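Residue numbers begin at 1 in each chain, while the letters A, B, ... track the order of the sequences. On a predicted model such as this, the values are computed, not experimentally measured, just so you know.
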There are 2 protein chains.
Amino acid sequence: MRWLDEREQRVWRRYLLMTSQLAAQMNRQLAADAGLSLADYEVLVRLTDVPAGRLRVTRLARDLSWEQSRLSHHVSRMARRGLVAREECADDGRGALVALTEQGRAAIERAAPAHVAFVRASVFDALTDAQVDTLDAILGSVLSGLR
Amino acid sequence: MRWLDEREQRVWRRYLLMTSQLAAQMNRQLAADAGLSLADYEVLVRLTDVPAGRLRVTRLARDLSWEQSRLSHHVSRMARRGLVAREECADDGRGALVALTEQGRAAIERAAPAHVAFVRASVFDALTDAQVDTLDAILGSVLSGLR
DNA sequence: TTAAGCTAGATGACATGTCAAGCAGATCTG
DNA sequence: CAGATCTGCTTGACATGTCATCTAGCTTAA
């Protein structure tokens, strides 16, 4: 049984700390700016990206790499707040579409500039170009191992 | 307003994906092996690290970089499951100690080998030494910007 | 064409996390 | 030394996420 050495432990603890702090601060900023969570933001971004402004539930879940039931619950909550709307699917009687509402579009347009500025300031501006390249490689290696 | 360029967007999305997948898999593995969550594991590790096996609530929260109320709720849940116990603090009438129980110690001893093996396999074994160094630097830079 | 099985989604139960408020025991100050 | 304030911790309300299960609409094969 091989444990983590000193350096590995330090890196690992800092990894856990950094990821949780970064997520917490993004959540707080989005909440303050536009009453959104990071999860809301991700859903809205994806919907904004497609011309029709609507996607099938399964497709959206796959795009976001979310579990389907998580998305279903989340859509319910977002619908209650008027950020998205559920629509029937003509093709498939079982299907459902999640559609961006005007209010949802307004919310993400309000939130996006400060959110992007925060990501830029706290991540990309803090790193050299070479570090970003290495980070990309690291993410790729770890991700491919996870599948 | 400067948005993220192609490469930055790709890295950022992969960052969000990788961090969430890694956390999800760690949680699943810990749950399967020992009925623990990653949060439980972190609490138990910290308590195991101190000789007395008990810490003041505030101290533990600070060590973990958790909000105090999160820890309080979490300790309640862990106490209900017998993993830790709350104790009175002799020094300070307001204070409370969180103490590792036998059952808590048994749980972490059961969980640790596979958990460490998973972290090693999915992270450290997937990276070169130079990548780990760069990761360390990246974590440091971003963290210092977050405070 | 119909019964078996598959697929899309929703839901209930429950664990987790955040924020704001509450409470009781320290501490400080006039 | 008595009120004001601060501190350590808990609690309630509520948002979020997971797992298991349910339902209804498709699909397929005898």
Side-chain angles (χ1 to χ4, degrees), chain A residues 16 19-32 34-43 54-81 83-99, chain B residues 16 19-32 34-43 54-81 83-99:
Chain A
L16 292 173
T19 53
S20 66
Q21 301 276 297
L22 191 52
Q25 292 204 21
M26 289 190 294
N27 268 303
R28 269 193 275 270
Q29 194 200 30
L30 283 168
L36 296 178
S37 66
L38 186 53
D40 298 331
Y41 187 88
E42 290 181 61
V43 169
R54 69 204 64 225
L55 283 172
R56 284 289 290 271
V57 168
T58 300
R59 176 63 198 279
L60 183 51
R62 187 166 56 71
D63 289 355
L64 295 170
S65 301
W66 282 16
E67 291 186 14
Q68 204 259 336
S69 97
R70 173 185 177 187
L71 180 59
S72 188
H73 281 299
H74 207 86
V75 164
S76 299
R77 292 185 295 253
M78 291 179 75
R80 203 182 318 131
R81 292 187 290 148
L83 296 169
V84 298
R86 264 192 240 267
E87 291 177 0
E88 289 194 357
C89 177
D91 308 359
D92 188 331
R94 300 163 300 180
L97 293 169
V98 183
Chain B
L16 292 173
T19 54
S20 65
Q21 303 277 296
L22 190 52
Q25 293 204 21
M26 287 190 296
N27 268 303
R28 269 193 275 269
Q29 194 200 29
L30 284 168
L36 296 178
S37 65
L38 186 53
D40 298 331
Y41 187 89
E42 290 181 61
V43 168
R54 68 205 64 224
L55 283 172
R56 283 288 291 271
V57 169
T58 301
R59 176 62 198 279
L60 183 51
R62 186 165 57 71
D63 290 354
L64 297 169
S65 300
W66 281 17
E67 292 186 13
Q68 215 236 11
S69 97
R70 173 185 177 188
L71 180 60
S72 189
H73 280 300
H74 206 86
V75 164
S76 299
R77 292 186 296 253
M78 292 179 75
R80 202 184 318 132
R81 292 188 289 148
L83 297 169
V84 299
R86 264 193 239 269
E87 292 178 358
E88 289 195 357
C89 177
D91 309 359
D92 188 331
R94 299 162 300 182
L97 292 169
V98 183

For the pair made of [atom1] in [X] and [atom2] in [N], what is the distance, rounded to whole Å?
X: A/Arg59; N: C/dT7; atom1: CZ; atom2: P; result: 18 Å
X: A/Glu87; N: C/dA8; atom1: CD; atom2: C1'; result: 17 Å
X: B/Arg62; N: D/dG8; atom1: CZ; atom2: C1'; result: 14 Å
X: B/Leu71; N: C/dT18; atom1: CG; atom2: C1'; result: 14 Å

### Summary
Result for 5'-nearest mapping on DNA chain D, choosing between A/Gly93 and B/Val75, is B/Val75
### Task
Between A/Asp91 and A/Ala39, just flag the one whose closest nucleotide in DNA chain D comes earlier from the 5' side.
A/Ala39
### Spacing of B/Glu42 atom CD and A/Ser20 atom OG [to the nearest 0.5 Å]
7.5 Å
### Query
Base, sugar-phosphate, or nothing for A/Asp92, non-hydrogen atoms under 4.0 angstrom?
sugar-phosphate
Please list, pair by pair, any protein nitrogen or oxygen found under 3.5 Å from a nitrogen or oxygen in nucleotides 11-13 of chain D.
residue, atom, partner, partner atom, Å
D/dG12, O6, B/His73, NE2, 2.6

Given [options], which nucleotide is nearest the side-chain atoms of [X]?
X: B/Glu67; options: C/dT16, C/dT18, D/dT18; result: C/dT18
X: A/His74; options: C/dT7, D/dT16, C/dT16; result: D/dT16
X: B/Ala96; options: C/dT18, C/dA8, D/dT10; result: D/dT10
X: A/Ser37; options: C/dT16, D/dT16, C/dA10; result: D/dT16

### Message
Quick check: closest heavy atoms across B/Leu38 and B/Leu30, and the distance to 0.1 Å?
### Response
CA-CD1, 3.7 Å
### Query
Looking only at heavy atoms, which two atoms of A/Leu71 and A/Val57 are closest? And how far apart?
CD2-O, 3.2 Å
